[in-house]
Amino acid sequence: MSKGVIAALANGLVFVTGKGGVGKSAVAAALSLALAEAGRRTLLLGIDPRENLHEWLGVAPSGGERLAIAPGLVLESLRPRLLIDREVETRMPIRLLARQLLAHPLYHQFVDGAPGLEELVVLAYVERCLHGEFDVVVLDGAASGHALGQLLAPALVAEAVRGGPFARLAARLRGLVSDPRRCRTVLVTTAEEMPAAETFELAEELTAAIGVPAALLVINQLAPDDLPVARAGEAAPLVLWRRRLARQQRERERLRSGWSGAVTELPWLPLPRGAALAHALAEWLAAAPEAPA
Amino acid sequence: MKRWPRLLVFVGAGGVGKTTLAAAAGWLSARDGARTLVMTFDPSHRLRQTLGVGAEAALSEIPVAGAPGGRLRASLLDARTTFDRLVERYAPDAAARDRILGNRFYRTFSGSLAGVLEYMAVERLFEVRAAERYDRIVLDTPPTREALDFLGAPRRIVEFLDSGIVRLAFRSWFDDSGRPRLTRRLGPLGRRVEAGLDEIVGVDLLRDMVEFFRAFGPLYEGFRARAAEVERLLREPETGFLLVAGPGEERIPETLYFARRLREHGCHLAGVLVNRLHPPLESAGPWPPLLAFLSRRDGEGFRLLAERLGEIPLGGLPLLGDEPAHLAGIERVAGELETALAGLG
Ligand SMILES: Nc1ncnc2c1ncn2[C@@H]1O[C@H](COP(=O)(O)OP(=O)(O)OP(=O)(O)O)[C@@H](O)[C@H]1O
Ligand SMILES: [Mg+2]
């Protein structure tokens, strides 16, 4: 008997990623609602500069402050840059020097240009949050390419930097992202040809990058197959819709048969982006068994 | 769009269909007799799949089999490959080249340095443009975190090159024993600063970075000159931008933001294309509830966007029953694109 999807993701970092626009934020919001409902102390963390997670939870944007959404659920939109500044401030031995450094254009160029720095800072923050304060951190990750960068950064930095605190931090975070008990990747896709193809590509690259396969595949936005039997002379929109449904079925089967890990499906609900949709999807996830393909 | 620009750039958020529309535009352009190159930076290699070209397209421009008149070529960009090639081409001598290619910093990060992909897009564009082998280039922009990062890439590079960080790299930072010079001169205070630096970033890392920038020295001038050229190229009247957007009201703020940024950059926005619109439902139905919802959503969104865009031309492309994953499907999209472009006026 397999346990539910939510129980399988109940601690550590849950890293949600997938192609642009497939529903990463929707799934991240729904997962965090379901996790909190199941009694886990949950942090939903966004790093998208467009900052739209609050819309999914029905609250006003906070300008970076943490927001308590429900018992056990906190939302935070992270600005990695601010974290870096704060770090410098606390670590620099001389306050005045720290302030001068922060104001210096060279500092900005270094921080903007240093590869992997923002990624490391985000992961270090997650690590800290998991240290007693939260059971689980759901990270609404960037789209495919950048997501890979996010998980690869510790390994790259650890490799390129000899010694020093950066190298130590990177090595520790590499341990975090490649530990299947502390970091789980959730891949979101739709049952369409391009996103599905990209999902398999991404899954492979992820496994190669961190040595751990994705924990869960979410096939999102499945349109219900509720059409009556086809008739001759049917209206054009119905013909199109039928065609789309057939395509969807084919891609769905391809996804399920090509995937060796756990899969779950979410319906395409006739609702706009917002809390009602997130809650409805959360209920689906809470009821979903962790079904191996 | 009455006259096609010589350089046509597709921009927009991830997942809206930029790559497919860029391929379709290339197809139309070639059909009408122009020697055309479609350049894409999609790391998922979707265009390769769509146009049926192999991995060799990362190295050179590959003819697209079955395209009209044999005039269509495709090129894929891979940041690492372009970067290596650039170093090989512009390094003054073999020793300089080997120093860069052998730098551990470069080896690990040349594919993932912040902004490298965007900048490489611009470099490659310049290279191809300068060769004048094409009547038209269709450019599919890379999926960036901020979808218009690409535009600023040349300027950022120039600013970077003009900045202190590079000049500093040429100063002798480290003495022969490998200790930072500046902080040493400061005596005990310097040692504290050094300890602070070491605590935050690590002196070894700084040393590697300085070495990297120094190795790059001989290439700076060329970078600066080309970046300025490309910046100009993106603003030319002969360069047109098409902004691709997803359907629905939720996407409108993002679309307006892109349009504004393009204008601020002095770029010529030929129009906005809303892709994958669900069909309008003329009669009362009954329709599947989800289809009815999406049809209303897309219709409303389109109307609102038209209102908000004002003067900027707006067109729409319908959702197709079959997503074009191959050249055969591209022809169908190309037809829809042609209609939409004609509507832009
Ligand atoms: N299961 C669903 N049912 C109905 N609508 C959905 C569902 N999942 C996502 N959507 C809609 O699809 C659109 C995109 O979703 P979302 O913003 O979550 O995608 P994303 O992957 O986070 O996008 P981005 O790559 O831009 O961050 C939204 O308008 C959202 O309301
Ligand atoms: Mg999102």
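All figures in this text were calculated on a predicted structure; none of them were measured in a lab. The basis for the numbers below is simple: all heavy atoms, side chains too, and nothing from hydrogens, waters or symmetry mates. Naming: A, B, ... by sequence-line order, numbering from 1 per chain.
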> Would you mind checking which part of Leu152(A) comes under 4.5 Å of any heavy atom in chain B, side chain (CB onward), backbone (N, CA, C, O), both or neither?
neither

> With distance as the sole test, does Arg244(A) use its side chain to make a donor-acceptor pair with the main-chain N or O of Leu320(B) at under 3.5 Å?
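Yes: the side chain of Arg244(A) pairs with the backbone of Leu320(B).
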
> Examine whether an atom of Ala246(A) lies under 4.5 Å from a heavy atom of chain B, and if so say whether it belongs to the side chain, the backbone or both; otherwise answer neither.
neither

> Whether the side chain of Asn275(B) engages the backbone of Val16(B) through a donor-acceptor N/O pair (distance < 3.5 Å, no angle test) should be reported.
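Yes; judged by distance alone, with no hydrogens or angles, the pair exists.
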
> Which bit of Arg247(A) is near chain B, if near means a heavy-atom gap under 4.5 Å: side chain, backbone, both or neither?
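Answer is side chain: those atoms of Arg247(A) sit under 4.5 Å from chain B.
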
> With a 4.5 angstrom heavy-atom cut-off, could you sort out which part of Leu169(A) is near chain B: side chain, backbone, both or neither?
neither

> Looking only at atom types and distance, does a side-chain atom of Asp298(B) sit under 3.5 Å from a main-chain N or O of Leu277(B), one as donor and one as acceptor?
no

> Tell me whether Asp322(B) is salt-bridged to Arg243(A), with the criterion being a basic N under 4.0 Å from an acidic carboxylate O.
yes

> Using non-hydrogen atoms and a 4.5 Å limit, figure out which bit of Glu254(B) sits close to chain A: side chain, backbone, both or neither.
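Glu254(B) touches chain A through side-chain heavy atoms alone.
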
> What orientation do Trp241(A) and Trp268(A) show, parallel under 30°, tilted 30 to 60°, or perpendicular over 60°?
tilted

> Quick check against the 3.5 Å criterion: does Lys19(A) have a side-chain atom that pairs as donor or acceptor with the backbone of Pro195(A)?
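Looks like no, no N/O pair under 3.5 Å.
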
> Against chain B, work out which of Pro237(A), Pro224(A), Ala236(A) has the most heavy-atom pairs shorter than 4.5 Å and name it.
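Top count of heavy-atom pairs under 4.5 Å with chain B: Pro237(A).
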
> Pro228(A) versus chain B, heavy atoms under 4.5 Å apart: side chain, backbone, both or neither?
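The answer is neither part of Pro228(A).
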
> Above 12 or not: heavy atoms from other molecules or residues under 6.0 Å from CD of Glu234(A)?
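It does: Glu234(A) CD has more than 12 such atoms within range.
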
> Check each atom of Leu227(A) against the heavy atoms of chain B and say whether the ones under 4.5 Å are side chain, backbone, both or neither.
side chain

> Of the backbone (N, CA, C, O) and the side chain (C-beta and beyond), which part of Pro253(B) lies under 4.5 Å from a heavy atom of chain A, both, or neither?
neither

